[in-house]
Amino acid sequence: MPNLDNLRKQAKQYLRWHRDRYYPVAAAIKAAMPRFRGMSDADVLAARFKLVDAQELVARQAGFASWQALKAGAAVMASHAKSASQHPVLSSVAAELFVSNIARSCDFFTQKLGFAVAFTYGEPPFYGQVMRDRARLNLRQVCEPVFVSDIREREHLLSAAITVDTAAEIKQLFLDFQVAGVPFHQTLKTEPWGARNFIVRDPDGNLILFAGPVD
């Protein structure tokens with residue numbers, strides 16, 4: 001975690017961006033702060049946003065509920081860091097899916113697969129993210145075909161792979177998707193290497209693998 005001075009500077013930068021009506025900051029605010037979700041970018045930038053709000057944004061992005069909680073956590077982590085070697089930790093990953101319509105893709109992932117919209121960006125939106133538990137998928141709108149013909153279908157080219165921890169979960173997830181009328185590229189199958197998986201096909205032909213253990 002950066003030191004508190006850097007975090008304070010980051011909060012002030014967010015505040016300046018909001019005052020300057022810098023659109024990318026609206027997406028960050030909506031993604032991290034529940035009371036701004038559902039608002040348009042323009043409404044977020046027009047809303048009252050003070051330094052205390054910018055500090056809360058920085059805190060939530062770091063995994064804390066408030067600025068005070070972040071300061072307390074930073075102090076504890078700083079004391080541990082003195083005796084620990086510095087080693088970068090990759091904290092998250094998100095697959096990048098190319099889609100032709102952000103709104104249609106968001107509807108598919110929320111209504112069919114049980115995801116929630118983390119944020120969309122642009123008016124009209126051309127970028128966004130959907131999430132379910134610890135799984136995140138970035139959606140990037142493109143106006144031209146990215147893949148040649150039906151190569152993804154023929155070569156089984158995956159756009160993302162998502163795992164669950166138990167055999168019961170992968171079976172239940174498949175049944176839930178079946179009931180929701182989700183299109184499958186591959187139904188639930190036990191693989192030779194000891195996994196059970198299935199593959200979903202989204203409206204743009206992206207193939208998404210869901211996998212879990214056999215037992």
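Just so it is clear, the values below take in all heavy atoms, side chains as well, and ignore hydrogens, waters and symmetry mates.
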For this session: Could I get the full list of salt bridge (Lys or Arg N to Asp or Glu O under 4.0 Å) partners for Asp133, not counting sequence neighbours?
Result: none
Exercise. Can you tell if the side chain of Val142 reaches within under 4.5 Å of the side chain of Val99, non-hydrogen atoms only?
Worked result: no
Under 3.5 Å, which donor-acceptor pairs do the side chains of residues 206-215 form with other protein atoms, sequence neighbours left out?
residue	atom	partner	partner atom	Å
Asn206	OD1	Arg152	NH1	3.0
Asn206	OD1	Ser159	OG	3.1
Asn206	ND2	Phe98	O	3.1
Asn206	ND2	Asp202	OD2	2.9

Exercise. What pairs of residues pass the salt bridge (Lys or Arg N to Asp or Glu O under 4.0 Å) test when at least one of them lies in residues 9-25, not counting sequence neighbours?
Worked result: none
Exercise. Can you find a pair of side-chain heavy atoms, one from Ile29 and one from Phe49, that are under 4.5 Å apart?
Worked result: yes
Exercise. Atom CD in Gln111, atom SG in Cys106: separation rounded to 0.5 Å?
Worked result: 10.5 Å
Exercise. For the residue pair Met33 and Leu57, what are the closest heavy atoms and their distance?
Worked result: SD-CB, 3.8 Å
For this session: Check ring-ring contact (aromatic ring centres under 6.0 Å, His included) between Trp17 and all other residues, then give those that pass, not counting sequence neighbours.
Result: Tyr14, Tyr22
For this session: State yes or no: do Tyr121 and Leu137 share one hydrophobic cluster built from I, L, V, M, F, W and Y residues joined by side-chain heavy-atom distances below 4.5 Å, directly or via other members?
Result: no
Exercise. Does the side chain of Asn197 reach to within under 4.5 Å of the side chain of Ile170, using non-hydrogen atoms?
Worked result: no
Problem set entry | Any pair counted as salt bridge (Lys or Arg N to Asp or Glu O under 4.0 Å), so long as it reaches residues 91-105, sequence neighbours left out | Arg104-Asp204
Exercise. How many angstroms lie between CD1 in Ile162 and CZ in Arg136, if you round to the nearest 0.5 Å?
Worked result: 11.5 Å
Seminar exercise, completed: Heavy-atom nearest pair, Glu56 first then Ala65, reads CG-O, 4.5 Å
For this session: Mark yes or no for whether Glu169, through its side chain, and Thr166, through its backbone, hold a donor-acceptor pair below 3.5 Å.
Result: yes
Exercise. What residues join Val93 in its hydrophobic cluster, counting side-chain heavy atom gaps under 4.5 Å, either direct or through other members?
Worked result: none
Exercise. Is Phe198 reachable from Val182 through a run of I, L, V, M, F, W or Y residues, each pair having side-chain heavy atoms under 4.5 Å apart?
Worked result: yes
Exercise. Of all residues at least two apart in sequence or in a different chain, which pass the side chain to side chain contact (heavy atoms under 4.5 Å, CB included) check with Gln55?
Worked result: Ala11, Leu51, Trp67
Problem set entry | Hphob cluster co-occupancy, Leu158 + Phe115, side-chain heavy atoms under 4.5 angstrom | no
Problem set entry | Pro34 vs Arg60 side-chain heavy atoms within contact, under 4.5 Å | yes
For this session: Compare every heavy atom of Thr120 with every heavy atom of Pro125, then report the nearest pair and how far apart it is.
Result: CB-CB, 4.0 Å
Exercise. Between Tyr127 and Tyr23, is there a shared hydrophobic cluster once you connect ILVMFWY residues whose side-chain heavy atoms come closer than 4.5 Å?
Worked result: yes
Exercise. Which heavy atom of Ala32 sits nearest a heavy atom of Gln61, and at what distance?
Worked result: CB-CG, 4.2 Å
Exercise. Should Phe64 and Val52 be regarded as members of a common hydrophobic cluster, given that ILVMFWY residues are connected when their side-chain heavy atoms come within less than 4.5 Å of each other, either directly or indirectly?
Worked result: no
Exercise. For Arg196, what residues pass the salt bridge (Lys or Arg N to Asp or Glu O under 4.0 Å) criterion, not counting sequence neighbours?
Worked result: none
For this session: Measure the NE2-CG distance between His185 and Leu157 for me, rounded to the nearest 0.5 Å.
Result: 9.0 Å
Exercise. Is there side-chain contact between Leu97 and Asn138, with at least one heavy-atom pair below 4.5 Å?
Worked result: no
Seminar exercise, completed: Heavy-atom nearest pair, Leu139 first then Val130, reads CD1-CG1, 4.1 Å
Seminar exercise, completed: Applied to residues 133-153, the ring-ring contact (aromatic ring centres under 6.0 Å, His included) test, sequence neighbours excluded, yields none
For this session: Give a yes or no on this: more than 12 heavy atoms of other residues, nucleotides or ligands lie within 6.0 Å of atom CZ of Arg134.
Result: no
For this session: Could you tell me which residues satisfy side chain to side chain contact (heavy atoms under 4.5 Å, CB included) with Ala47, sequence neighbours excluded, listed by chain and number?
Result: Phe36, Met39
Problem set entry | Gln129 side-chain N/O to Phe119 backbone N/O, donor-acceptor pair under 3.5 Å | no
For this session: Quick one: closest heavy-atom pair of Lys30 and Asp41, and the distance?
Result: NZ-OD1, 2.7 Å
Exercise. Among pairs that include at least one residue of residues 42-52, which meet side-chain hydrogen bond (donor to acceptor under 3.5 Å, both in side chains), considering only residues two or more places apart or in two chains?
Worked result: Ser40-Asp43
For this session: Would you mind reporting whether His156 and Ile151 have side-chain heavy atoms less than 4.5 Å apart?
Result: no
Exercise. So do the side chains of Lys71 and Leu4 get within less than 4.5 Å of each other, counting heavy atoms only?
Worked result: yes
Exercise. Is there a donor-acceptor contact under 3.5 Å from the side chain of Arg132 to the main chain of Leu113?
Worked result: yes
Which pairs of donor and acceptor atoms, one on a side chain in residues 171-181, lie under 3.5 Å apart (sequence neighbours left out)?
residue	atom	partner	partner atom	Å
Gln172	NE2	Asp176	OD1	2.8

